Amino acid sequence: ISNTQLKKEARKYENLGTVLRGVGVAGVAGLAGLTYLGVQGAKIATTLNNTYTRTKNLIITSNTETTAEISKNMAKMKQQVSDLASTYGESQTELAEGQQELIKRGYSSGQAVKAFRQYVKAAAATGEDFNEVTQVGSATLEAFDMRQTNTYSNSKKVLNAIAYAADMTASDFKSLGVGMEYVSSYAHQAGISLEETASALGILSNNGMEAQKAGTGLRKVISSLTSPTKAAEDSLKSVGLTVSDFIDKSGKLKSFSQIFGLLAKHTEKLSNAKKVDLLHKIFGQTGQNAAGVFLTNAQSALKGTAESVDEL
């Protein structure tokens with residue numbers, strides 16, 4: 001064999017060695033990647049299991065359910081998380097934490113199973129973070145005393161009312177939720193419906209009052225009507241009204257559209273400056289802007305929006 005042929009053969013084996021070394025390096029990298037994924041998967045599984053354990057412990061601590069009920073509903077919760085993760089592409093751990101949030105808020109395991117699907121569906125429909133939706137919806141449900149019975153249908157009603165009011169106005173789900181935090185319990189105690197409260201917050205948003213400002217403004221309007229000051233009573237008397245004109249036969253407040261319809265009728269001949277002064281005396285600094293919105297801009301819109309939300 002010639003020297004030239006020997007050199008050619010040597011180059012073949014040299015190239016083969018390079019290829020084999022490359023395959024070896026790629027194989028090691030692939031194995032490292034698989035190992036990393038395996039470790040991450042194990043961490044995720046551990047976190048998920050820990051979440052379920054904390055949830056179960058919270059249920060046990062509540063001392064309101066039997067061991068059999070807890071076992072049955074924990075199995076349902078795990079299956080629900082798996083199903084919802086597949087349907088909506090959400091993290092199982094985050095979904096499980098959402099269920100846990102309901103338990104922390106006093107839901108039984110059975111109530112959590114019934115209600116949670118509605119929260120996830122609402123989040124998907126509105127594009128909001130589902131943990132945010134869970135917090136807003138569950139807090140509002142409790143404030144209006146709608147959790148203890150018909151949990152599934154009432155959860156749907158609450159979420160639909162907030163979402164629809166947001167769609168009908170310039171607000172969004174999160175802002176309405178913040179507003180609800182400040183006013184929902186006051187509204188419920190005064191006999192104002194969930195739907196009307198949501199629509200009122202939306203109308204305030206249309207007029208530049210968002211979230212906390214809308215909630216505190218509306219709360220002051222309600223408290224001024226249910227517990228008026230002497231100055232407020234005198235101011236109402238000056239235009240031919242008393243607080244009893246705003247109360248229905250059951251002792252609850254009439255609708256906002258009725259209340260501000262009466263005020264509009266009895267103040268139509270007043271100048272703008274006198275109207276502002278009147279509203280300040282009745283509703284105070286905090287409530288006067290919200291009252292002004294309802295009186296001057298939103299009477300018909302308030303009624304229409306409330307009726308539309310109530311039709312859901």
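Please read all numbers here as calculations on a predicted model, not as lab measurements. Scope of the values below: all heavy atoms of this structure, side chains included, with no hydrogens, waters or symmetry mates.
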Could you give the distance from CD (Q100) to CZ (R54), rounded to the nearest 0.5 Å?
5.5 Å
In short, D245 meets G240 closest at the heavy-atom pair OD2-O, 4.3 Å
Indicate yes or no: at least one non-hydrogen side-chain atom of Q99 is less than 4.5 angstrom from one of Y107.
no
T169 side, atom OG1; L204 side, atom CG - distance, nearest 0.5 Å
9.5 Å
For T46, which of N49, L48, N50 qualifies under side chain to side chain contact (heavy atoms under 4.5 Å, CB included)?
N50
Measuring from S108:OG to R147:CZ, what's the distance to the nearest 0.5 Å?
8.0 Å
What is the minimum heavy-atom distance between L278 and S235, and which atoms define it?
CD1-O, 3.4 Å
For Y152, run the side chain to side chain donor-acceptor pair (under 3.5 Å) check against Q111, Q118, R117, K114 and tell me which one passes.
Q118
Under the 6.0 Å and 45° cation-pi test, does R219 pair with Y186?
yes
Here the gap from L295 atom CG to I259 atom CD1, rounded to the nearest 0.5 Å, amounts to 12.0 Å
With a 4.5 Å limit on heavy-atom distance, are the side chains of L141 and S155 in contact?
yes
Could you tell me which residues satisfy side-chain contact (heavy atoms from CB on, under 4.5 Å) with K213, sequence neighbours excluded, listed by chain and number?
none
Are side-chain heavy atoms of I59 and E65 found at a separation under 4.5 Å?
yes
If only atom types and distance count, is the side chain of N150 paired as donor or acceptor with the main-chain N or O of S153 below 3.5 Å?
no
How are the rings of F294 and F256 set to each other: parallel, tilted or perpendicular (split at 30° and 60°)?
parallel
Heavy atoms of G98 and F116 approach each other most closely as C-CE1, 3.5 Å
With a 4.5 Å heavy-atom cut-off, do L159 and F173 have their side chains touching?
yes
Under 4.5 Å between any side-chain heavy atoms of V158 and F144, yes or no?
no
Assess the residue pair S255 and S257 against the criterion (side chain to side chain donor-acceptor pair (under 3.5 Å)); give the C-alpha distance rounded to whole Å, side-chain angles, the decisive distance to 0.1 Å, and a yes or no.
CA-CA 5 Å; S255 69; S257 60; 3.1 Å; yes
d(L236 CG, S224 OG) to nearest 0.5 Å is 10.0 Å
Are any of the side-chain heavy atoms of K174 and V136 separated by less than 4.5 Å?
no
State, yes or no, whether a side-chain contact exists between L253 and I247 at a heavy-atom distance under 4.5 Å.
yes
Distance col, row I203:CD1 vs S171:OG, nearest 0.5 angstrom, shows 11.0 Å
Is F130 close to L95 at the side-chain level, that is, under 4.5 Å between some pair of heavy atoms?
yes
Less than 4.0 angstrom from a charged side-chain N to a carboxylate O is my criterion; do R105 and E101 meet it?
yes
With sequence neighbours excluded, give me every side chain to side chain donor-acceptor pair (under 3.5 Å) pair touching residues 70-79.
N73-S109, Q79-D83
Salt bridge (charged side-chain N to carboxylate O under 4.0 Å, His left out) contacts touching residues 259-281 (sequence neighbours left out)
D277-K281
